[in-house]
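A short write-up of the structure that comes next.
Labels below follow one simple rule: chain letters A, B, ... track the order of the sequence lines, proteins then strands, and each chain is numbered from 1.
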Protein chains: 2
Amino acid sequence: MLTLLFTTPKKMIDSNFKVACSSCNLRELCMPVGLEISDMKKLDEVVATRKQVKQGQLLFGNGDPFTSLYAIRTGFFKTCVSNEDGREQVTGFQMAGEIIGLDGIVTDHHSCNAVALEDAEVCIMPFANVEELSREFPVLQRHVHKIMSREIVRENGMMMMLGNMRAEERLAAFLLNLVQRLHARGFSQSEMILRMTREEIGSYLGLKLETISRTFSKLSEDGIIEVKQRYVKILSPEELRKIYNPQPCQTSV
Amino acid sequence: MLTLLFTTPKKMIDSNFKVACSSCNLRELCMPVGLEISDMKKLDEVVATRKQVKQGQLLFGNGDPFTSLYAIRTGFFKTCVSNEDGREQVTGFQMAGEIIGLDGIVTDHHSCNAVALEDAEVCIMPFANVEELSREFPVLQRHVHKIMSREIVRENGMMMMLGNMRAEERLAAFLLNLVQRLHARGFSQSEMILRMTREEIGSYLGLKLETISRTFSKLSEDGIIEVKQRYVKILSPEELRKIYNPQPCQTSV
DNA sequence: AAAAGTCCTTGATATAAATCAAACAATTAG
DNA sequence: CTAATTGTTTGATTTATATCAAGGACTTTT
């Protein structure tokens with residue numbers, strides 16, 4: 001098969017090649033901004049190696065010992081938790097420049113699965129390095145704290161979605177967030193190819209896949225988006241934002 | 001009224017009294033364990049002052065500049081986020097020894113409200129102090145990282161609850177979690193007085209107050225708990241755990 | 001090119017929880 | 001001590017989403 005022919009040779013995967021953050025074009029996403037060149041070079045030590053993860057493979061799984069954070073260089077991941085009786089909850093979708101693995105710090109073991117939704121490459125940042133350099137560089141320390149705080153705030157927002165919002169609002173918020181993050185990475189601000197199935201979107205948003213499908217159809221019929229399988233185009237961002245933030249009904253004084 | 005007579009004088013509130021973590025009986029909840037006495041004394045510098053917060057008052061609110069983390073000494077808080085159209089989501093309930101304010105780090109402004117559900121006292125830990133001492137004491141640095149990671153993992157669990165679980169399962173999980181945390185603080189492992197209304201529980205669990213009330217009644221009828229307003233006694237922790245973690249149906253091979 | 005496997009859509013029906021409503025209990029204010 | 005307010009319970013009804021079901025559209029395998 002074609003894919004086999006183009007597979008990276010085994011020895012390349014999980015290689016020991018050094019990656020220089022200082023010359024990485026995702027620098028401003030992963031690393032603190034406003035660093036001196038000299039400091040930046042020293043921070044290159046955060047990253048030990050890179051690792052490739054094929055579509056469908058686990059970067060880390062529930063119960064794995066925690067050793068490192070991972071900065072996504074290319075590709076797309078989902079993280080999910082599952083409980084005793086096998087129910088799964090997707091807790092996030094992550095793309096280039098985002099950091100995963102923070103869940104492992106508290107118990108020294110990961111409590112979720114990180115699965116590549118497309119062939120991906122990550123920078124391995126041994127957490128011991130992160131902590132050591134954080135002590136030396138206050139700007140890195142602050143950066144790490146912000147990344148963790150951002151994740152806490154994001155999850156607060158998810159609780160609001162899951163606890164209070166209707167299916168259409170959740171999907172609108174999801175699409176707006178996704179396209180905004182893609183746009184920040186140089187992609188279109190209106191078009192995208194989804195990397196996940198309806199079922200995965202549903203799991204993330206606390207809905208069933210049929211509801212996702214129906215809600216896509218509804219938004220499409222209303223002329224707000226165009227959907228063709230994984231391809232989504234936002235025709236009216238304002239309408240989508242209105243669905244997400246419905247104005248409170250005007251009541252008479 | 002009685003409460004007025006016993007109110008702490010105004011000058012005591014938001015006082016500059018130093019609090020020594022090294023001699024605080026909540027030490028093992030807020031602070032890293034296994035510290036040398038000498039290091040512990042230095043860590044006393046983390047806490048600047050204490051502050052009293054009366055029932056119903058805000059410790060901090062959405063939009064407030066972020067300056068400090070707060071360690072709860074006494075009392076009980078809720079944190080909640082709200083959106084443009086006024087819907088509220090309780091994101092957590094916090095008790096003695098727990099840290100609040102982490103949401104403010106990422107933007108230097110808080111993104112939620114922290115409200116005292118009973119008269120409370122907190123230790124103010126200016127975040128600049130926390131970061132400075134973290135650079136000096138790796139054990140404190142690790143501790144701060146764990147606290148943030150724990151919050152991320154807790155919220156992952158909430159996403160599972162809100163996305164996948166039924167009303168009865170959510171309430172069972174809530175009661176088990178609450179009583180377990182109270183027990184860790186020396187209270188009963190079966191009885192408790194709830195500090196929040198049915199509506200607040202509902203907001204936290206993504207349910208309406210009537211559903212909370214009905215679910216309490218159901219658990220009570222089934223002999224699993226005893227409920228009298230805010231008083232709750234867990235009669236059968238095993239049954240409650242079974243509801244939370246229903247065994248997957250045994251299917252034939 | 002056909003077959004098999006995923007993934008997606010749409011319709012019919014079921015259901016858990018929301019909503020509406022009213023009475024009741026507990027607490028606070030006058 | 002009584003009235004007002006706030007919080008809780010319970011019943012009747014509605015509704016948003018889940019579930020069940022079947023066919024269609026891609027994708028991968030053979």
Checklist entry - Is the closest side-chain heavy-atom distance between A:Leu171 and A:Leu205 below 4.5 Å? => result yes
Checklist entry - Rounded to whole angstroms, how far apart are CG on B:Leu162 and C1' on C:dA18? => result 16 Å
Checklist outcome for this item: Assert: residue with more 5' nearest nucleotide on DNA chain D, out of A:Gln229 and A:Leu207, is A:Leu207
Checklist entry - OP1 or OP2 of C:dA18 sitting under 4.0 Å from any side-chain N/O of B:Thr211? => result yes
Next on the checklist: Without decimals, in angstroms, what is the distance between A:Met165 CE and C:dA18 P?
Outcome noted: 16 Å
Checklist entry - Considering heavy-atom distances to DNA chain D, does A:Lys228 or B:Met196 have its closest nucleotide positioned more toward the 5' end? => result B:Met196
Checklist entry - How would you label the contact of B:Thr197 with the nucleic acid (heavy atoms, under 4.0 Å): base, sugar-phosphate, or nothing? => result sugar-phosphate
Checklist entry - Is it true that the side chains of A:Asp64 and A:His110 contain a donor and an acceptor less than 3.5 Å apart? => result no
Next on the checklist: What is the separation between atom CG on A:Leu209 and atom C1' on C:dC7, rounded to the nearest whole Å?
Outcome noted: 9 Å
Checklist entry - Reckon B:Glu210 touches a base, only the sugar-phosphate, or nothing at all at heavy-atom distances under 4.0 Å? => result base
Item to check | Length of the CZ-P vector between B:Arg198 and D:dT10, whole Å | outcome: 10 Å
Checklist entry - Do A:Asp85 and A:Asn83 meet the criterion of a side-chain donor-acceptor pair at a distance under 3.5 Å? => result yes
Checklist entry - In whole Å, what is the span from the CD atom of B:Glu169 to the P atom of C:dA16? => result 12 Å
Next on the checklist: Once you apply a heavy-atom cut-off of 4.0 Å, does B:Gly206 come out as touching a base, just sugar-phosphate, or nothing?
Outcome noted: sugar-phosphate
Item to check | d(CG, A:Leu117; C1', C:dC7) in whole Å | outcome: 14 Å
Next on the checklist: Categorize A:Arg230 for me: base, sugar-phosphate, or nothing, with a 4.0 angstrom heavy-atom threshold over every strand shown.
Outcome noted: sugar-phosphate
Checklist entry - Looking across every strand, which nucleic acid part, if any, lies under 4.0 Å from B:Ile212 by heavy atom: base, sugar-phosphate, or nothing? => result nothing
Checklist outcome for this item: Checking D:dT17, C:dA26, D:dT19 against the side chain of A:Lys208 (C-beta onward), the nearest is D:dT19
Item to check | Nearest-angstrom distance from the residue atom CD of B:Glu168 to P of C:dA17 | outcome: 9 Å
Checklist entry - Contact class for B:Arg166 vs. all strands (heavy atom < 4.0 Å): base, sugar-phosphate, or nothing? => result sugar-phosphate
Next on the checklist: Can you give me the closest heavy-atom contact between A:Phe93 and A:Arg181, atom names plus distance?
Outcome noted: O-NH2, 2.5 Å
Item to check | Nearest listed nucleotide, side chain of B:Arg214, among D:dT10, C:dC8, D:dC26 | outcome: D:dT10
Next on the checklist: Angle between ring planes, A:Phe60 versus A:Tyr70, binned at 30° and 60°: parallel, tilted or perpendicular?
Outcome noted: parallel
Next on the checklist: What is the separation between atom OH on B:Tyr231 and atom C1' on C:dA25, rounded to the nearest whole Å?
Outcome noted: 19 Å
Checklist entry - Contact class for B:Lys218 (heavy atom, under 4.0 Å): base, sugar-phosphate, or nothing? => result nothing
